[in-house]
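Excluded from the calculations below are hydrogen atoms, water molecules and symmetry mates; all remaining heavy atoms, backbone and side chain alike, are included. Nothing here was measured: the structure is a model prediction, and the numbers come from that model.
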Amino acid sequence: GNNRQTGSAEKKIAQLLEEQAADLVLEEINALPSKDNLTLDDEVALAGAEAHYNALSDSQKEYLTGKAAESVAKLGELRTQLEKLKKDAADKAAADAVTEKLNALPSEEDVMFQDEAVLKQAREAYDALSDDQKKFVSGEAYDKLEKAEQKLKALKEEAEVVTKQIQELPAVCRLFPWKPVSSGHP
């Protein structure tokens, strides 16, 4: 049977071509940066490698998994890492907008009553951030908000004390009706 040998040779060639194609995808995966070095700029390259890997037949995927399981796993790890980088970038952008607001607040010694609305807006903007987003807000900017809020609170308490004293004045005068001071004439 000469025919049978030809058939198996064609099969072998087909398999080699399949494996060669799979090896090209493997090279493409291996050329991608490591998880720690991945940046948002690698998204196109990653998407290309994913598309090529997904286009492989099941037998080609099995061949790659047998040959380089860690490379196949790397593809999934890089996708997860890229999604994290994208989320971080979005979180950082949201946080940067709030940091800018906080940095624009008056310094502690410059806080006045009329700053209450601005401080309230800044606090609401900060509180609206998710915990992940808050991690990207500069500590310095957040301290500025807290100090300004404390100063405003102190101003308000001072004002309350003064207001209370003023309100109590008439009562004090009624309790002690001082005689008008004589003008020195008999």
Side-chain angles (χ1 to χ4, degrees), residues 25 28-55 61 69-178:
V25 174
E28 193 179 1
I29 294 171
N30 290 339
L32 291 170
S34 68
K35 187 178 147 201
D36 292 335
N37 292 326
L38 189 74
T39 69
L40 290 174
D41 296 335
D42 298 313
E43 182 167 17
V44 174
L46 176 59
E50 285 171 326
H52 297 151
Y53 176 78
N54 291 332
K61 286 179 183 170
E70 67 286 349
S71 292
V72 175
K74 174 185 179 182
L75 212 49
E77 286 164 10
L78 290 180
R79 171 51 62 187
T80 303
Q81 178 69 2
L82 186 77
E83 295 310 318
K84 184 186 179 299
L85 290 175
K86 285 166 100 169
K87 184 183 178 297
D88 283 353
D91 286 348
K92 190 176 178 327
D96 286 349
V98 172
T99 296
E100 239 173 83
K101 260 198 174 97
L102 302 186
N103 283 333
L105 292 174
S107 59
E108 187 179 3
E109 49 276 7
D110 294 334
V111 172
M112 295 190 271
F113 285 110
Q114 56 263 41
D115 296 318
E116 184 169 10
V118 174
L119 290 178
K120 193 167 176 279
Q121 279 174 348
R123 167 56 69 183
E124 283 167 3
Y126 178 80
D127 288 346
L129 294 176
S130 70
D131 288 345
D132 287 340
Q133 290 169 334
K134 284 177 183 168
K135 289 177 201 154
F136 291 103
V137 172
S138 108
E140 237 172 278
Y142 183 71
D143 284 348
K144 190 173 188 185
L145 171 64
E146 291 222 296
K147 286 188 173 134
E149 286 176 331
Q150 285 161 4
K151 176 71 184 283
L152 182 69
K153 192 173 174 237
L155 286 176
K156 286 170 120 179
E157 283 167 2
E158 250 172 72
E160 271 173 34
V161 169
V162 171
T163 307
K164 213 172 158 210
Q165 287 172 338
I166 291 170
Q167 285 167 347
E168 285 168 357
L169 277 181
V172 171
C173 292
R174 280 197 304 275
L175 281 178
F176 308 100
W178 305 115

Which residues share a side-chain hydrogen bond (donor to acceptor under 3.5 Å, both in side chains) with Glu116, sequence neighbours left out: Lys156

Test side-chain contact (heavy atoms from CB on, under 4.5 Å) applied to Glu77 and Gln81, step by step: CA-CA 6 Å; Glu77 286 164 10; Gln81 178 69 2; over 6 Å; no

Pair listing, salt bridge (Lys or Arg N to Asp or Glu O under 4.0 Å) test, anchored in residues 34-49, at least two apart: Glu43-Lys86

Considering residues at least two apart in sequence or located in another chain, which fulfil the side-chain hydrogen bond (donor to acceptor under 3.5 Å, both in side chains) criterion with Lys61? none

Between Glu83 and Arg79, does any side-chain N to carboxylate O distance fall below 4.0 Å? yes

Is the number of heavy atoms from other residues, nucleotides or ligands under 6.0 Å of Lys101 NZ greater than 12? no

Tyr126 meets the ring-ring contact (aromatic ring centres under 6.0 Å, His included) criterion, sequence neighbours left out, with Tyr142

Using a 3.5 Å distance criterion without hydrogens, assess whether the side chain of Asn103 forms a donor-acceptor pair with backbone atoms of Glu100. no

Do you know which two heavy atoms are closest between Pro106 and Ala148, and how far apart they sit? O-CB, 4.2 Å

Qualifying ring-ring contact (aromatic ring centres under 6.0 Å, His included) pairs with a residue from residues 88-116, counting only residues at least two apart or across chains: none

Separation of Ser34 OG from Leu78 CG (nearest 0.5 Å): 8.0 Å

Here the pair of heavy atoms bringing Ala125 nearest to Val98 is O-CG2, 3.8 Å

Rounded distance [0.5 Å steps], CD1 in Ile29 versus OG in Ser71: 6.5 Å

Thr99 versus Leu102: any side-chain heavy-atom pair under 4.5 Å? no

Which atom names give the shortest non-hydrogen contact between Ala141 and Ser138, and what distance separates them? N-OG, 2.9 Å

Ionic contact status for Lys74 with Glu70, cut-off 4.0 Å: no

Would you list the pairs meeting salt bridge (Lys or Arg N to Asp or Glu O under 4.0 Å) in which at least one residue belongs to residues 103-113, sequence neighbours left out? none

Output all residues satisfying side-chain hydrogen bond (donor to acceptor under 3.5 Å, both in side chains) with Asp88, sequence neighbours left out; order by chain, then residue number. Lys84

Look at the side chain of Lys147 and the backbone N and O of Ser107, then say whether any donor-acceptor pair between them is shorter than 3.5 Å. no

Rounded to the nearest 0.5 Å, what separates atom CG in Leu105 from atom CD in Glu149? 8.5 Å

So the salt bridge (Lys or Arg N to Asp or Glu O under 4.0 Å) pairs with at least one residue in residues 127-139 (sequence neighbours excluded) are Lys87-Asp132, Arg123-Asp127, Asp132-Lys135

Test side chain to side chain contact (heavy atoms under 4.5 Å, CB included) applied to Val72 - qualifying residues, sequence neighbours left out: Tyr53, Leu64, Thr65

Less than 4.5 Å apart, side chain to side chain, heavy atoms only: is that true for Leu75 and Leu46? yes

Partners of Glu160 by side-chain hydrogen bond (donor to acceptor under 3.5 Å, both in side chains), sequence neighbours excluded? none

Can you name the side chain to side chain contact (heavy atoms under 4.5 Å, CB included) partners of Lys92, sequence neighbours left out? Asp96, Phe136

With Gln133, which residues qualify under side chain to side chain contact (heavy atoms under 4.5 Å, CB included), at least two apart? Asp91, Ala94, Leu129, Ser130

